Protein chains: 2
Amino acid sequence: MATRNEPRTEPRIPLSRDRVLRAAVKLADESGIESLTMRRLAEEVGAEAMSLYYHVAKKEDVLDGIVEVIAGEINEAVGRIDVPSQGAAWKSAVRQRVLTAREVLLRHPWAPRVFETRADVSPPVVQYFDALIGLMRDGGFSYDLVHRALHALGSRALGFTQEMFDPGDGAGGEESSAMLEAMAERLPHLVGMLREIAHDDPDSTLGWCDDQTEFEFGLDLILDGLDGMRETA
Amino acid sequence: MATRNEPRTEPRIPLSRDRVLRAAVKLADESGIESLTMRRLAEEVGAEAMSLYYHVAKKEDVLDGIVEVIAGEINEAVGRIDVPSQGAAWKSAVRQRVLTAREVLLRHPWAPRVFETRADVSPPVVQYFDALIGLMRDGGFSYDLVHRALHALGSRALGFTQEMFDPGDGAGGEESSAMLEAMAERLPHLVGMLREIAHDDPDSTLGWCDDQTEFEFGLDLILDGLDGMRETA
DNA sequence: ACCTGAACACCGTTCAAGT
DNA sequence: ACCTGAACACCGTTCAAGT
């Protein structure tokens with residue numbers, strides 16, 4: 001039925017909250033979260049900025065919405081996991097879920113930042129945590145310990161950490177080793193550490209952090225600690 | 001020398017980067033970080049918005065700057081600590097520093113968010129971490145383990161965590177226990193946990209989280225885990 | 001050297017009006 | 001019911017001009 005030679009934008013599908021949110025995710029994925037403005041979003045969806053307001057209340061609503069979309073994606077991925085969780089198995093069950101959530105978030109690098117700025121937890125996130133609590137209960141955790149565990153995990157439960165150091169930028173290449181020596185007096189311990197790490201992994205030129213390895217280390221540290229506290233009746 | 005009855009704003013002190021940054025911190029403390037705009041900041045300091053650009057490059061520069069101011073405040077507080085850190089004492093030494101950093105941050109609730117959005121680590125923050133690394137070395141940590149430890153601690157090393165749940169809002173009072181029952185089917189584990197926690201601490205009406213207690217729990221969990229990994233030669 | 005007025009490009013959002 | 005044009009208040013920032 002489609003006529004063949006019109007301007008061929010796609011003004012076919014009518015706008016909807018869902019379509020707006022999906023476009024917002026796409027825009028953030030492709031151009032970064034800072035380029036997600038109501039005007040650019042409208043453009044992306046083939047409408048005027050003001051049309052968006054018929055489907056979302058305000059920009060904050062869009063941000064709430066894209067968090068829900070991503071959390072939904074996580075729940076879908078995590079829902080495919082079917083492993084035992086009774087007793088000692090709780091740990092690997094939780095670990096696998098967290099790492100799966102992480103995989104999803106790695107596809108949306110802007111998402112953690114947006115997650116953190118939401119005032120209220122959205123339903124799919126709540127859903128995710130409910131399941132996580134269930135696994136810990138299977139492992140013999142008291143509700144009180146589960147509660148503490150969730151705080152201890154923090155955002156790690158959802159598969160991300162906020163790194164304080166991200167030496168990706170200033171630490172690239174030859175100049176940095178010279179810089180290192182210059183800092184050695186004021187920052188002996190830090191320089192000592194960097195020197196050794198650079199030595200251990202020479203071809204990474206101070207791209208010193210394998211995020212995945214570090215993430216798993218921190219996660220296991222916490223999970224192991226918690227494991228020692230549960231009631232192994 | 002001051003004449004007595006002029007409009008008495010304070011156009012005395014000339015502008016400076018330092019004065020701009022201090023005003024920015026004051027503004028954020030009093031009105032929240034979202035009200036820190038170049039125009040409001042200029043007003044605060046008794047000048048026009050455009051005058052600021054003589055002392056700072058751009059708004060990002062202001063944000064970098066206020067992070068440095070806060071980190072400086074932390075370093076000052078932490079610098080007054082003088083406790084042993086050799087061997088097993090490393091843990092309490094680190095713990096005390098982290099909790100001291102946290103005290104400072106609690107006076108600037110907007111600061112964690114700004115810390116997290118900085119691309120590069122500022123000198124005072126680097127300084128803070130250098131000292132922390134030193135303490136862990138005193139405890140017998142290899143550089144490699146120190147490195148992992150810093151990742152495991154993440155922002156906790158600076159005294160804050162990003163909470164995923166902040167039930168301060170929606171969870172206030174009578175309505176919430178009704179809401180709880182309504183959710184019981186879809187979210188059995190979460191509701192179970194909340195029920196018990198509300199029961200344990202009835203007068204907090206679901207203000208279920210003593211942030212300080214939870215922070216210390218998570219911190220100790222990590223520190224204890226790390227303690228078991230150091231070389232106790 | 002330090003500060004400013006006018007102006008620009010770009011936001012989010014309202015509102016009355018179109019179909 | 002759904003979309004839009006014009007307009008408003010407010011951003012960050014540039015630039016030429018003032019002292």
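By convention in this document, chain letters (A, B, ...) are assigned in the order of the sequence lines, proteins followed by strands, and residues within each chain are numbered from 1. Please read all numbers here as calculations on a predicted model, not as lab measurements.
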Per-nucleotide protein contact string for nucleotides 7-19 of chain C, where B marks a base within reach and S marks sugar-phosphate only (heavy atoms under 4.0 Å, - for neither): B---BBBB-----
Using residues 96-106 of chain B as the side-chain source, report each donor-acceptor pair under 3.5 Å to any protein atom, sequence neighbours left out, with the distance given to one decimal.
residue  : atom : partner  : partner atom : Å
B:Thr100 : OG1  : B:Gln96  : O            : 2.7
B:Arg102 : NE   : B:Gln212 : OE1          : 2.7
B:Arg102 : NH1  : B:Gly159 : O            : 3.3

Once ring pair (Phe, Tyr, Trp, His ring centres under 6.0 Å) is applied, do any residues pair with A:His189, and if so which ones, sequence neighbours excluded?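 Checked A:His189 against ring pair (Phe, Tyr, Trp, His ring centres under 6.0 Å); zero matches.
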Side chains of A:Val191 and A:Glu185, heavy atoms from C-beta outward: is any pair under 4.5 Å?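 Contact flag for A:Val191/A:Glu185 side chains = no.
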Any heavy-atom pair between the side chains of B:Phe129 and A:Leu187 that's under 4.5 Å?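 A side-chain contact under 4.5 Å is absent here.
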Considering only NZ, NE, NH1 and NH2 on the basic side and carboxylate oxygens on the acidic side, decide whether A:Arg17 and A:Asp61 come within less than 4.0 Å.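 Yes.
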Counterpart residues, side chain to side chain contact (heavy atoms under 4.5 Å, CB included), relative to A:Arg113 (two or more places apart):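 A:Arg113 satisfies side chain to side chain contact (heavy atoms under 4.5 Å, CB included) with B:Thr117 only.
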Under a 3.5 Å threshold, yes or no: a donor from one side chain and an acceptor from the other, between A:Glu73 and A:His108?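 Present: a donor and an acceptor within the cut-off.
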Look at the side-chain N and O atoms of A:Tyr54 and state whether any lies under 4.0 Å from the OP1 or OP2 oxygen of D:dC2.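 Yes, such a contact exists.
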Round to a whole Å and report the spacing from CG of B:Leu15 to C1' of C:dC3.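 Going from CG in B:Leu15 over to C1' in C:dC3 covers 9 Å.
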Check salt bridge (Lys or Arg N to Asp or Glu O under 4.0 Å) between A:Asp64 and all other residues, then give those that pass, not counting sequence neighbours.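 With neighbours one apart ignored, the set is A:Arg118.
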Whenever both distances are under 3.5 Å in a Watson-Crick or G-U wobble pair, mark it; put DNA chain D into dot-bracket that way, with [ ] for crossing pairs and | when the partner is on another strand. ||.|||||...|||||.||
